[in-house]
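Some notes on the structure that comes next.
Worth knowing before you read on, the calculation uses all heavy atoms, side chains too, and leaves out hydrogens, waters and symmetry mates. Nothing here was measured: the structure is a model prediction, and the numbers come from that model.
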Amino acid sequence: MTSAVPQSKALIDDLKWRGLFSQSTDEAALVSALSKPTTLYIGFDPTAPSLHVGNLVVLLVLRRFQIAGHIPIALVGGATGLIGDPSGKSEERSLNTTDVVAAWVERIRAQVSKYLDFGATGNAAIVANNLDWTAPLSAIEFMRDIGKHFSVNQMLAKDSVSSRLEGGGISYTEFSYQVLQSFDFLELYRRFNCTLQLGGSDQWGNIVAGLDLIRRVESGSGHALTIPLLAKADGSKFGKTAGGAIWLDPEMTSPYAFFQYWLNTDDKDVINFLKVFSFKSKSEIEALEKSHNENPGLREAHRALARELTSLVHSSDICDRVEAAARALFGQGELSELDEATLASALAELPRTTVKKGEPIPTWVDLLAATGVVDSKSAARRIVKEGGAYLNNVKISGEDFAPEKSDFLCGKYAVLRKGKRDLAAVELI
RNA sequence: GGCGGGUUGCCCGAGCGGCCAAUGGGAGGGGACUGUAAAUCCCCCGGCUCUGCCUUCGAAGGUUCAAAUCCUUCACCCGCCA
């Protein structure tokens, strides 16, 4: 990443075109401020052991700013993660223990770091943890030095609070969240001259509260820019599947599943997702849009999206592997024609189970249940009954069907399929 | 602290002594059509050693031949009044 002369207007226009601009404080002033390298931050609270694809939206915006020559700070919320942000939540959350949050902080710090450049000359990225300045502060100091600047009247008026007052109520703990986030902005302003905070559109209230605090305490000024929450065409929540969120951690969402998630994007969303997630230029994306409209069946745009993101989040090697695996397993060719090495590497990406050589081979139902692709044997039985059960891409029937020795490709592997696209592997050992 | 209302399967929500593994909707799954897409149509959707059995309706006891449904206690939530 080279430190370019910031083209501030172009940067903001590009964000708008990508649908990454929700609102900002005085836009003209922001554009003018961005004509010089500017320090900006986004906060990530450790609410899970990994970030998910929803977090990736804003994280990549931070990266866009760095590419444009600005200095990004990724703030990991070691302190705020202990409190819980009420924004966008209809209920009070249960608190995680300090040990758990501390462990998550470390993991998220490592994750976030992958997307930023710490060696850039002039605009190297910074990772900070708000526990560093929150932990040493006593409750009395906090109330006198910070709390004194907040009006409860204004705090109550915040959307995140008022919606909770009407609903299930809010604890003093979560109510205080906005004060902590404001304090973060103030601290980053003091330490790094950070003058811009980015966040999801639900963060607007928290961000401008921070600007107020900076004005009152330091007579300083700064800016806020929010990013729309990503919406899907069908109204369902982005980044969630039946199995849960799509995580960036390969242990939590396998690279294979990650690639498949993007490849299976709804046609109506794929161009928007390219704009949001991809670093391709406007003209490149418009070319993909054209080819997608002309021949959607080819799914060129889907593939470009899946490839770029899998390469970015995992690596291009891993991306090649999982794509090759999918090609082999979904391909038109006979599975039996694949050589052992190709088959082995393709199956390595799938959920799996093993069978010992000397022992009797369990039924298809038992094998599928063992891979974890279904929740129960009853579910596996239903699949067979409904005609969605396949062995080596050949439909099977009969609830007590069991593969034979000869069904194992290369003498070692069998491929179970549930429905159109859910695959699992059995290995004979 | 007082009075009233609530707690049902992944979510919302019916049921208010037997016909209840429990209506309906959503989510999810399978099939057909397609492109590992969407829409549409059909089917499924607690578990199991599956013509039957087992465990569920906040928790624990009790009444009854029989309870998600009645009684008692406890926990949590939500109103109104102090």
Side-chain angles (χ1 to χ4, degrees), chain A residues 89-94 163-171 231-246 254-274 288-289 291-307 309-310 322-333 335 346 349-351 360 362-366 368-391 393-402 415-424:
Chain A
K89 305 277 176 211
S90 56
E91 312 190 325
E92 187 82 12
R93 290 192 271 184
S94 55
S163 64
R164 285 277 291 275
L165 290 175
E166 287 158 23
I170 185 167
S171 66
K232 289 209 300 185
D234 64 4
S236 62
K237 199 156 189 201
F238 168 75
K240 299 273 184 195
T241 64
I246 304 296
S254 75
Y256 175 84
F258 187 86
F259 185 92
Q260 291 294 317
Y261 176 77
W262 298 107
L263 191 67
N264 286 319
T265 300
D266 188 329
D267 279 14
K268 292 199 284 289
D269 287 321
V270 70
I271 300 301
N272 278 341
F273 283 10
L274 276 168
L288 283 167
E289 184 169 15
S291 87
H292 174 256
N293 288 337
E294 282 166 3
N295 194 345
L298 277 181
R299 293 186 305 158
E300 261 186 69
H302 292 80
R303 200 160 285 281
L305 178 69
R307 284 195 59 82
L309 283 172
T310 308
V322 297
E323 193 183 13
R327 278 225 159 92
L329 298 167
F330 281 108
Q332 307 302 344
L335 281 176
E349 313 300 334
L350 302 177
T363 61
W364 189 95
V365 165
D366 287 340
L368 189 73
T371 64
V373 165
V374 286
D375 294 330
S376 66
K377 287 184 190 175
S378 295
R381 263 185 216 107
R382 244 176 264 134
I383 302 295
V384 177
K385 209 181 302 169
E386 294 170 343
Y390 299 82
L391 174 67
N393 285 348
V394 177
K395 184 181 277 192
I396 61 133
S397 61
E399 288 185 24
D400 44 11
F401 174 91
V415 181
L416 307 177
R417 197 172 105 212
K418 157 185 158 303
K420 269 184 234 189
R421 57 197 154 167
D422 228 353
L423 296 158

Examine [N]: is either OP1 or OP2 under 4.0 Å from a nitrogen or oxygen in the side chain of [X]? Give yes or no.
X: A:R421; N: B:rA37; value: yes
X: A:K385; N: B:rG31; value: no
X: A:S378; N: B:rG46; value: no
X: A:Y390; N: B:rG31; value: yes

Less than 4.5 Å apart, any side-chain heavy atom of [X] and any of [Y]?
X: A:H302; Y: A:D267; result: yes
X: A:K232; Y: A:D266; result: no
X: A:L263; Y: A:E323; result: no
X: A:V373; Y: A:L416; result: no
X: A:L423; Y: A:Y256; result: yes

Could you check which nucleotide pairs with [N] in any of the strands shown, counting Watson-Crick or G-U wobble with both distances under 3.5 Å?
N: B:rC65; result: B:rG18
N: B:rU56; result: none
N: B:rG79; result: B:rC3
N: B:rG24; result: B:rC12
N: B:rU40; result: B:rA32

Using atom [atom1] of each nucleotide, how far apart are [N] and [M] to the nearest Å?
N: B:rU72; M: B:rA22; atom1: P; result: 30 Å
N: B:rC65; M: B:rA82; atom1: P; result: 48 Å
N: B:rG4; M: B:rC10; atom1: P; result: 33 Å
N: B:rU55; M: B:rA68; atom1: C1'; result: 14 Å
N: B:rA14; M: B:rG2; atom1: P; result: 29 Å
N: B:rG17; M: B:rG13; atom1: P; result: 22 Å
N: B:rC71; M: B:rC19; atom1: C1'; result: 25 Å
N: B:rC44; M: B:rG24; atom1: P; result: 11 Å

What about A:K420, does its side chain sit under 3.5 Å from the base of B:rU34 through a donor-acceptor pair?
->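 Indeed, a donor on one side and an acceptor on the other fall under 3.5 Å apart.
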Measure distances between side-chain N and O atoms of A:D422 and base N and O atoms of B:rG29, and say whether any donor-acceptor pair falls under 3.5 Å.
->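 Check fails, no donor-acceptor contact within cut-off.
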Describe the nucleic acid contact of [X] in one word from base, sugar-phosphate, nothing, applying a heavy-atom distance below 4.0 Å.
X: A:Q260; value: base
X: A:R299; value: base
X: A:G388; value: sugar-phosphate
X: A:Y261; value: nothing
X: A:I383; value: sugar-phosphate

Please tell me which of the listed nucleotides, B:rG47, B:rG29, B:rG35, lies nearest to the side chain of A:K418?
->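 Selected nucleotide: B:rG29.
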Shortest side-chain distance from A:D266, nucleotide among B:rA38, B:rG35, B:rG47 =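 Among the listed nucleotides, the one closest to the side chain of A:D266 is B:rA38.
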Please state how far atom [atom1] in [X] lies from atom [atom2] in [N], giving the value in whole angstrom units.
X: A:L368; N: B:rG29; atom1: CG; atom2: P; value: 14 Å
X: A:H302; N: B:rA37; atom1: NE2; atom2: P; value: 9 Å
X: A:K377; N: B:rC54; atom1: NZ; atom2: P; value: 19 Å
X: A:R327; N: B:rG35; atom1: CZ; atom2: C1'; value: 14 Å
X: A:F330; N: B:rU34; atom1: CZ; atom2: C1'; value: 15 Å

Nearest heavy atoms of A:L288 and A:A304, plus distance in Å =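 Heavy atoms of A:L288 and A:A304 come nearest at CD1-CB, 3.9 Å.
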Could you say whether A:D366 or A:P296 is positioned toward the 5' end of RNA chain B, judged by the nucleotide with the nearest heavy atom to each?
->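 Nearest-nucleotide comparison on RNA chain B picks A:P296.
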Start at the 5' end of RNA chain B and walk down; is the nucleotide closest to A:K268 or to A:K395 reached first?
->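 Its nucleotide being nearer the 5' end, the pick is A:K395.
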Would one find more than 12 heavy atoms of other residues, nucleotides or ligands at under 6.0 Å from atom CG of A:N295?
->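 For A:N295, atom CG is crowded (more than 12 foreign heavy atoms under 6.0 Å).
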